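See below for the structure under consideration.
Predicted model only: the values in this text are computed from it and were never measured. Along the sequence shown, residues are numbered consecutively beginning with 1.
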Amino acid sequence: MTLSGSGRAGNPGWVRVPTNAKTSRRLKVGASRERIRIRDAQAARRARREQAQVKQKRLSTPERVSGYTDAVFAVVITVTVLELHPPASAKIGALLSLWPTAVSYLVSYVFVAIVWINHHFVMGYVKQTTLRVIWLNFTHLFFVSLLPFATAWIAATELARAPVVVYTSFFVVTDGAYNLFEREVLRNSSDFSAAELRVSRRRSLTALALFAAAALVALIQPAAGMGFAALALLLHLRPDAARKSRLTLRRHG
């Protein structure tokens, strides 16, 4: 027998509740079944979440984004090199007349190489591609795809003012789009501290400012504008993501 209520014996608040071993076992069995039901429901929810995550990863993976990006860069390089037309003359001296084409191709090739290297290392920190990351990447590739057009224009016009301004302006928008892509990836990565992100951001904005200065200088002196653009490229020769990857490998090696 058990007691319920309040007060001492003889108090009307005290009520005797009859119990026995069978009732106790029945209550225990009921509680066990309820715990099993809750545990099974939680396991089913976890299984559904894991299946959804696996399906999402299968539909959109960093490897697919990297593969598509690599293909675009390959096409850009191919189209750019097709603008290198040989001179009509068979004399070696005739190659000197191609200096605008050589300069424009060299700068464009280095720019594409640097952009690809930076993109390559940043993609190493993408654990799961989101719609925002994909669209930022497509925006970046849109401006990269315009580079062969701008390269051909400055080569055909022998580094005239307007074409060089447009050319260096493409560097500004391309680098700006890449900065947005890089910031979205790195800020969602646990591998970078807040201080490291600030340093990376400061460095990226400095390069972007130099590209903008190159476009402004090109309004006055196109050759100097090309020089400023080349200087800005130097800041991206060693990506922050590449430096971080090397330090991580050294720490775990």
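- Here the shortest heavy-atom pairing between Pro222 and Arg161 reads CG-CA, 3.6 Å.
- Under the 4.5 Å side-chain criterion, counting only non-hydrogen atoms from C-beta, Met226 is in contact with Ile154.
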Acceptor/donor pairs from residues 100-113 side chains to any protein atom, 3.5 angstrom cut, sequence neighbours excluded:
unit_1: Ser104; atom_1: OG; unit_2: Pro100; atom_2: O; d: 3.0
unit_1: Ser104; atom_1: OG; unit_2: Thr101; atom_2: O; d: 2.9
unit_1: Ser108; atom_1: OG; unit_2: Ser104; atom_2: O; d: 2.9
unit_1: Ser108; atom_1: OG; unit_2: Thr151; atom_2: OG1; d: 2.6
unit_1: Ser108; atom_1: OG; unit_2: Tyr167; atom_2: OH; d: 2.6

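- Side-chain contact between Val164 and Thr168 is present, with at least one heavy-atom pair separated by less than 4.5 Å.
- When the options Val76, Ile77, Thr78 are evaluated for a side chain to side chain contact (heavy atoms under 4.5 Å, CB included) with Thr80, the one that passes is Val76.
- The shortest distance between side-chain heavy atoms of Asn137 and His119 falls below 4.5 Å.
- Thr129 is not listed as a side-chain neighbour of Arg64, based on a closest heavy-atom distance of 4.5 Å or more.
- The other members of the hydrophobic cluster of Phe149, by chain and number, are Phe142, Phe143, Leu146, Trp153, Val166, Phe170, Val173 (side-chain heavy atoms under 4.5 Å, ILVMFWY only).
- In this structure, Phe171 and Phe228 have side chains that are not in contact, with every pair of non-hydrogen atoms separated by 4.5 Å or more.
- In this structure, the side chain to side chain contact (heavy atoms under 4.5 Å, CB included) partners of Val79, at least two apart in sequence or on a different chain, are Val75, Pro148.
- Looking only at side-chain heavy atoms (C-beta outward), Glu83 and His85 come within less than 4.5 Å of each other.
- Within the 4.5 Å cutoff, side-chain heavy atoms of Leu208 are placed close to those of Asn179.
- When side chains are defined from C-beta on, Ser169 counts as touching Val165, because their heavy atoms get closer than 4.5 Å.
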